[in-house]
Amino acid sequence: MKEGFLIGGGLILAGLALQLSVGPVVWDAFTWPANGIVLAGFLVMLTAMVYLRNKVYAFQWMTTYQAAVPAMVYAVALTIIMGVTRQQVNGTWLNNMLSFWPFVLIYVYITVILGLTIHHRLRKIFRGQGSMVNDILFLLNHLGLFIALTTATLGSADIQRVKMICGVGEPEWRALEQSGAIKEMPIAIELKKFIMETYDDGHPKRYASEIQILTKSGKNIETTIDVNKPYEVDGWKIYQYGYDTQAGAQSQISILELVSDPWLPWVYTGFYMMLAGAALMTLMVLWRRLKNATGKALWIYFGLFVFASLFAYFFFDSYNTKTLVPALQSPWFAPHVFVYIFAYTLLGVAVVIAWWKLSDDLVYVSLAFLTIGMLIGALWAKEAWGHYWSWDPKETWAAITWLAYLIYIHYRLTPRAKSQEPKANRLALWMLIGSFVLLQMCWWGINYLPSAQGSSVHTYSTK
């Protein structure tokens, strides 16, 4: 793995040189058709690298775990920096990691490794090598991640996000871009009535807008926009964003957010593939272990899952009895929280029993549930806020935790770890402990970080 760490270090140095010479990455330059050309060129490059694999050692080496593990270690390290520093759109260097060349290059490098590995596996499949179930599992997880990463990154420049302030009885065609510029929209919205329900203490329980939508194509639509319930028309999703907080229920205006995301179907394709892959991974691990387990082992597995389920249930139940803000009143809320806490509980058990025996199966199942919880959260975020991933501090630490456990799993597949060397087992144990510490930061430690103070959309007011 020394080669992997040297290459990663070289990429960071190259990124620093680019940062100093050409400045930060300008993602706005990748609007269509530039992003389409870049994606096509990237795929051609990967294909060429695969066919040169037997002639170029580096291309062959990049499909190994020894390449993947160091790359992900660098990604975790840089993402931790992102998670502890306050991120700003116009920030410099560490305060704007999405435009920081070392951060971008490391993630591009991971995507290259991922693409080469997928290509290599596909060639094996076409030759009739391998197991069908394992191949399906591999492609769902790896190809799904590749599709989501590439399309979400390159498609981000084509996302349009504007805010429209609508008044009662006044059709509005204009909206405000993030830059502050005024944009004439292809649809007009007229507020018919603002609706607000409150709890006994006056905090909002629900707020929504009855609106009329007029399009240039002649459509006339009457609908109600609720928090977590956007409406889509002519490629635009309309979200309930805000209102006149001083007037409260008497507000005569409603602030709506309109989002256009043409690459969303491709991103969702990757998401749903990963969801299917996570579910299949869980079933495979359970089937493999339960099929060969003795009576005592069966009771242990059963007890662990009952314990994790009960812990997740009581945690969710105690949280759900509180007064929830409108953003949390969603069908996505229960599965998102329950699945995450279930995974956290199993990973806690994995750390405890790892002192006696490495618990790879629990980590596999827990990572599958982490993946499901993270993707459910992304789908929910799209319905609530109009973006599936915004590198909010909570999302950043969720990505850190997920990557940390991916590192553990990939390390356990290396020849050295498979040999059960004492040093390799001790390293795996420390990786498991370190990953669990990062999980604690994601769960509750983030509340004490300056990066999340007043900037995280995951900070809610509850009773």
Side-chain angles (χ1 to χ4, degrees), residues 1-50 52 56-59 61-63 66-117 145-146 148-159 178-179 263 389-393 395-396 399-400 403 406-407 451:
M1 292 189 187
K2 293 179 181 179
E3 293 171 320
F5 284 106
L6 286 173
I7 290 174
L11 284 173
I12 289 178
L13 291 175
L16 290 172
L18 286 170
Q19 192 80 17
L20 290 169
S21 59
V22 302
V25 180
V26 182
W27 289 108
D28 289 342
F30 291 92
T31 54
W32 182 263
N35 46 15
I37 295 171
V38 170
L39 180 58
F42 185 66
L43 295 176
V44 169
M45 180 194 75
L46 288 177
T47 304
M49 292 171 74
V50 168
L52 292 172
V56 181
Y57 167 74
F59 299 162
W61 172 82
M62 288 172 70
T63 60
Q66 288 84 348
V69 170
M72 288 190 288
V73 169
Y74 278 112
V76 166
L78 289 170
T79 311
I80 287 175
I81 295 173
M82 183 182 189
V84 298
T85 56
R86 186 179 292 274
Q87 298 295 299
Q88 300 171 342
V89 175
N90 297 318
T92 58
W93 290 52
L94 302 183
N95 295 111
N96 189 8
M97 292 291 284
L98 293 180
S99 298
F100 187 47
W101 275 104
F103 182 88
V104 174
L105 288 181
I106 288 295
Y107 273 92
V108 170
Y109 177 49
I110 288 176
T111 309
V112 170
I113 292 174
L114 184 60
L116 289 176
T117 306
L145 177 59
F146 181 84
L149 272 177
T150 53
T151 56
T153 302
L154 291 173
S156 62
D158 289 331
I159 297 176
Q178 290 178 305
S179 63
W263 290 67
W389 194 270
S390 62
W391 290 102
D392 175 85
E395 295 169 351
T396 300
I400 291 168
L403 282 170
L406 271 185
I407 292 171
S451 58

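Note that the coordinates shown come from a computational prediction; the quantities given were computed from them, not determined experimentally.
Counting only distance, with no hydrogens or angles, the side chain of Asn35 and the backbone of Phe30 share a donor-acceptor pair below 3.5 Å. The backbone N or O of Arg86 sits less than 3.5 Å from a side-chain atom of Asn95, completing a donor-acceptor pair. Of the possible polar contacts, one joining the Gln19 side chain to the Trp101 backbone as a donor-acceptor pair under 3.5 Å is found. With hydrogens and angles ignored, the 3.5 Å screen pairs no side-chain donor or acceptor of Trp389 with any backbone N or O of Ala152.
In this structure, Ala75 and Ile110 approach most closely via the heavy-atom pair CB-CD1, 3.5 Å. Contact record, Leu116 with Phe59: CD1-O, 4.3 Å, taken as the closest heavy-atom pair. Of all the heavy atoms in Trp61 and Gln66, the pair that sits closest is CZ2-O, 3.9 Å. In terms of heavy atoms, Phe103 sits closest to Thr79 at CE1-OG1, 3.8 Å. The shortest heavy-atom contact between Val73 and Phe5 is CG1-CE2, 3.9 Å. Here the closest heavy-atom approach between residue Thr85 and residue Leu94 is recorded as OG1-O, 3.1 Å.
Contact check for Tyr109 versus Ile7: side-chain heavy atoms found under the 4.5 Å cut-off. Residues Tyr74 and Leu11 form no side-chain contact, since every pair of their non-hydrogen atoms from C-beta on lies 4.5 Å or further apart. Looking at Val112 and Met45, their side chains come closer than 4.5 Å, going by heavy atoms from C-beta outward.
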Is there a side chain to side chain contact (heavy atoms under 4.5 Å, CB included) between Phe42 and Thr111? Walk through the geometry before answering.
CA-CA 10 Å; Phe42 185 66; Thr111 309; 3.9 Å; yes

Evaluate the side chain to side chain contact (heavy atoms under 4.5 Å, CB included) criterion for residues Leu16 and Phe100: first the C-alpha distance (whole Å), next the side-chain angles of each, then the deciding distance (0.1 Å), finally the verdict.
CA-CA 8 Å; Leu16 290 172; Phe100 187 47; 3.8 Å; yes

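In the model, Trp391 has no side-chain atom that pairs as donor or acceptor with a side-chain atom of Gln87 under 3.5 Å.
Remark: Glu3 CD to Met62 CE distance equals 12.0 Å, nearest 0.5 Å.
Applying side-chain contact (heavy atoms from CB on, under 4.5 Å) to Val76 and the options Ile81, Leu406, Ile407 leaves one that passes, Ile407. Residue Trp263 forms a side-chain hydrogen bond (donor to acceptor under 3.5 Å, both in side chains) with just one option from Asp158, Thr151, Thr150, and that option is Asp158.
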